[in-house]
Trainee: 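The following block contains the structure, expressed as structure tokens.
The figures here come from the full heavy-atom set of this structure, side chains too, leaving out hydrogens, waters and symmetry mates.
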Amino acid sequence: MADEKPKKKWECCKRGPPQPVEKTADPIISQIGDFKVYQFWYCMLIFLCKFGTGWHTLAHIFLAAPTPHICKTENVTNACSSACKDRSFDTSVFKTTIVTEWNLTCKKSSLASLSQSIVMVGIMFGSMVFGMISDRCGRRPAFLGCCFMQLGTGLIVCVSPYFWFYCIFRFLVAFATGGTMTTSFVLIMEIIGPKKRELVAILYQIPFNIGHASLAVFAYFIRTWRWFQFSVTIFSVVFFLYICLVPESPRWLFITGRLDKSIKILEKIAKHNNVITETIRGEIEAAYKVVSASAPVKKGTIIDLFRYPYLRLKTICMANIWLVVCMVYYGTAQYISKLGGNIFINNLIAAALGIPGTLLCVVMTKYLGRKLTMMITNAISAIGLLALTFLTHADEKIQVVCATLGLFGASITFPNAYLWGGEVFPTVVRANGLGLCSMVGRGGSLIAPLICELALIRAWITPLIFGLFSVSGVLVSFCLPETRGVQLPATFEDSEVREQNKLCSFR
């Protein structure tokens with residue numbers, strides 16, 4: 001009897017026999033399942049890199065935090081006067097920033113914002129270059145390359161001796177960060193089935209939101225910019241885990257004809273998911289024969305996005321939405337740090353609201369659809385920012401509340417832009433359409449810091465510009481089709497004929 005108890009306990013812990021997988025038109029998902037144990041932990045692992053993207057993209061908020069200064073020259077009160085020979089910075093909040101390090105004040109104050117614009121340029125080109133590398137050389141080498149580049153260049157930023165040296169390596173960090181954003185998203189999407197792909201695509205933004213919010217915590221305890229930069233960079237040592245735990249995308253291996261490697265990885269994933277492995281090789285080889293024998297579908301180009309009337313309208317409208325959300329999100333996040341009050345609490349609360357905002361996006365897009373959700377969230381941003389335009393002389397707390405409302409709306413808009421953008425374009429130009437929209441969006445985030453500088457001329461100019469762009473986001477949404485529960489267009493003809501009656505409607 002004493003021997004039976006451990007035996008029963010062992011039997012309770014044993015997994016059952018491998019289960020068959022529901023067969024679909026997708027040869028990869030048909031072998032490993034739609035979203036099982038392996039895919040869950042794989043997503044959790046890849047999500048770790050998204051914390052770093054939030055930190056490096058928005059670290060400028062505290063690297064160049066507002067630092068008051070006075071003139072110590074006798075009989076000179078204007079610190080920006082040419083007669084002022086000795087300036088002193090208030091180090092009661094931040095001991096050092098890049099502003100105090102390189103005296104980025106007065107005529108040189110715009111250089112601080114320029115350094116953030118350089119970061120956005122780096123993200124834009126990084127996402128493009130590493131995207132092409134991942135298509136040509138594989139997802140894994142591109143992903144590992146940008147992860148380790150982010151770690152190395154981020155550490156070099158910590159020891160920057162000159163401002164332009166700092167800008168160059170911040171550009172390289174951003175270049176790697178843009179690559180991390182692109183390649184990590186592709187790795188996840190290529191291993192998840194369609195049933196959970198929409199949900200994961202939205203939740204993919206959560207680590208970025210947490211990274212943004214946690215910057216205030218890092219900055220509160222680390223008041224010198226070099227050690228602050230080190231703290232948000234050193235976390236990237238966890239990327240060494242990826243060498244052992246992140247395999248090449250079996251879908252990419254399959255498409256490029258590397259069947260043996262693809263089958264080996266699929267069999268490993270299938271074992272983790274406790275599904276049948278015996279049929280994988282035969283089914284994958286048969287599927288590849290069908291794919292290789294079929295006539296290749298003519299691929300579209302960026303030019304084709306503007307060749308067809310309705311597709312041209314959708315491209316322009318979706319690009320405008322991306323421009324708006326990137327400009328408003330990154331611009332408002334930086335603008336909040338320039339408002340009065342406690343910079344740490346202001347940014348923590350504003351950024352933390354992005355987490356429920358992203359979760360709310362899941363519910364809204366499911367029950368209200370992409371179109372109505374986009375209009376509501378852009379309207380929320382517009383209300384908060386336009387209200388701030390008339391309240392620039394009001395209490396600091398009221399200003400922060402209005403700016404936070406604008407950022408909250410943008411935090412819901414952001415994941416919806418990814419989702420809706422992927423559904424609006426026909427299959428033959430979907431990648432080109434999303435790539436163009438992403439580039440236009442990065443252009444918005446590039447000029448956002450410079451728009452924030454306009455607040456030095458008149459405080460109401462910055463929120464007015466962001467607010468008006470949010471209004472434009474509401475208006476152009478009218479001219480895009482609702483895609484919830486609708487079969488996605490595959491060809492140019494599908495896009496033009498099937499949807500032509502849905503112009504400026506909700507269904």
Trainee: How about Tyr166 and Trp225: are their ring centres within less than 6.0 Å of each other?
Mentor: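 Tyr166 vs Trp225: aromatic centres under 6.0 Å.
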Trainee: Whether the side chain of Arg484 engages the backbone of Tyr367 through a donor-acceptor N/O pair (distance < 3.5 Å, no angle test) should be reported.
Mentor: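 Judged by distance alone, yes, a pair lies under 3.5 Å.
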Trainee: Which pair of heavy atoms, one from Val424 and one from Lys314, lies closest together, and at what distance?
Mentor: O-NZ, 3.2 Å
Trainee: Take atom CG in Leu475; do more than 12 heavy atoms of anything else shown fall under 6.0 Å from it?
Mentor: yes
Trainee: Would one find more than 12 heavy atoms of other residues, nucleotides or ligands at under 6.0 Å from atom NZ of Lys50?
Mentor: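 Buried by this count: over 12 neighbours within 6.0 Å.
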Trainee: Do Asn273 and Gln39 have side-chain N/O donor and acceptor atoms under 3.5 Å apart?
Mentor: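 Side chains of Asn273 and Gln39: pair found under 3.5 Å.
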Trainee: Side-chain contact test, heavy atoms from C-beta onward, threshold under 4.5 Å: evaluate it for Lys268 versus Ile265 and give yes or no.
Mentor: no
Trainee: side-chain contact (heavy atoms from CB on, under 4.5 Å), that's the test. Do Thr315 and Leu311 meet it? Break it down for me.
Mentor: CA-CA 6 Å; Thr315 301; Leu311 181 58; 4.2 Å; yes
Trainee: With heavy-atom distances below 4.5 Å as the criterion, would you say the side chains of Thr233 and Phe230 are in contact?
Mentor: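 No, every pair of side-chain atoms sits at 4.5 Å or beyond.
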Trainee: Looking at Glu423 and Arg370, does any basic side-chain N land under 4.0 Å from a carboxylate oxygen?
Mentor: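 The answer is yes: the pair qualifies as a salt bridge.
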Trainee: What distance do Phe239 atom CZ and Cys146 atom SG have between them, rounded to the nearest 0.5 Å?
Mentor: 8.0 Å
Trainee: Any heavy-atom pair between the side chains of Met318 and Phe425 that's under 4.5 Å?
Mentor: yes
Trainee: Between Thr57 and Tyr330, is any side-chain donor less than 3.5 angstrom from a side-chain acceptor?
Mentor: no
Trainee: Would a line drawn from the ring center of Phe175 to the ring center of Phe130 be shorter than 6.0 Å?
Mentor: yes
Trainee: Identify whether the distance between the nearest side-chain nitrogen and carboxylate oxygen of Arg139 and Glu190 falls below 4.0 Å.
Mentor: yes
Trainee: With rounding to the nearest 0.5 Å, note down the distance linking CG in Leu368 to SG in Cys361.
Mentor: 10.5 Å
Trainee: Verify whether the ring centers belonging to Trp55 and Phe218 lie closer than 6.0 Å.
Mentor: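 That pair passes the under 6.0 Å test.
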Trainee: How long is the straight-line distance from CG of Asn378 back to CZ of Phe469, given to the nearest 0.5 Å?
Mentor: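 One finds 12.0 Å between CZ of Phe469 and CG of Asn378.
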Trainee: Measure up the Tyr38 and His272 rings against each other and bin them: parallel (under 30°), tilted (30 to 60°), perpendicular (over 60°).
Mentor: tilted
Trainee: Could you go step by step and tell me if Thr332 and Thr462 meet the side-chain contact (heavy atoms from CB on, under 4.5 Å) rule?
Mentor: CA-CA 9 Å; Thr332 307; Thr462 297; over 6 Å; no
Trainee: CZ of Phe169 to SG of Cys158: how many Å apart, nearest 0.5 Å?
Mentor: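 Separation between the atoms: 12.0 Å.
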Trainee: Decide ring pair (Phe, Tyr, Trp, His ring centres under 6.0 Å) for Phe125 and Phe171; before the verdict, give the C-alpha distance in whole Å, the side-chain angles of both, and the deciding distance to 0.1 Å.
Mentor: CA-CA 10 Å; Phe125 283 104; Phe171 171 84; 7.2 Å; no
Trainee: Between Ser113 and Glu453, do the side chains contain an N or O donor and an N or O acceptor separated by less than 3.5 Å?
Mentor: yes
Trainee: Checking side-chain polar atoms at under 3.5 Å, does Thr177 have a donor or acceptor matched by the opposite partner on Gln150?
Mentor: yes
Trainee: Are more than 12 heavy atoms, taken from residues, nucleotides or ligands other than Phe235, located less than 6.0 Å from that residue's CZ atom?
Mentor: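 Buried by this count: over 12 neighbours within 6.0 Å.
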Trainee: Answer with yes or no whether the side chains of Thr377 and Thr413 bring together a donor and an acceptor at under 3.5 Å.
Mentor: yes
Trainee: Could you give the distance from OG (Ser381) to CG (Leu386), rounded to the nearest 0.5 Å?
Mentor: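 The distance works out to 10.0 Å.
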Trainee: Looking at Phe35 and Phe40, what are the two nearest heavy atoms and their distance?
Mentor: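 Nearest pair, atom of Phe35 first, then Phe40: CZ-CA, 3.8 Å.
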Trainee: We want to know whether Asn209 and Thr358 form a side-chain donor-acceptor pair, criterion being a heavy-atom distance below 3.5 angstrom.
Mentor: yes
Trainee: For Tyr329 and His212, test the side chains for any donor-to-acceptor distance below 3.5 angstrom and give the result as yes or no.
Mentor: yes
Trainee: Any side-chain heavy atom of Ile269 within less than 4.5 Å of one from Tyr42?
Mentor: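 Of all side-chain heavy-atom pairs linking Tyr42 with Ile269, none is under 4.5 Å.
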Trainee: Establish, yes or no, whether a centroid distance under 6.0 Å links the rings of Phe143 and Tyr242.
Mentor: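 Centroid separation for Phe143 and Tyr242: below 6.0 Å.
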Trainee: Under 30°, 30 to 60°, or over 60°: which ring-plane class applies to Phe94 and Phe62, parallel, tilted or perpendicular?
Mentor: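 Judged by the thresholds at 30° and 60°, the geometry between Phe94 and Phe62 is tilted.
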Trainee: With rounding to the nearest 0.5 angstrom, report the OG to CG distance, Ser472 to Asn320.
Mentor: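 Those atoms lie 4.5 Å apart.
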Trainee: Heavy atoms only: give me the nearest Leu58-Ala333 pair and the separation to one decimal.
Mentor: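 Result for this residue pair: CD2-CB, 4.2 Å.
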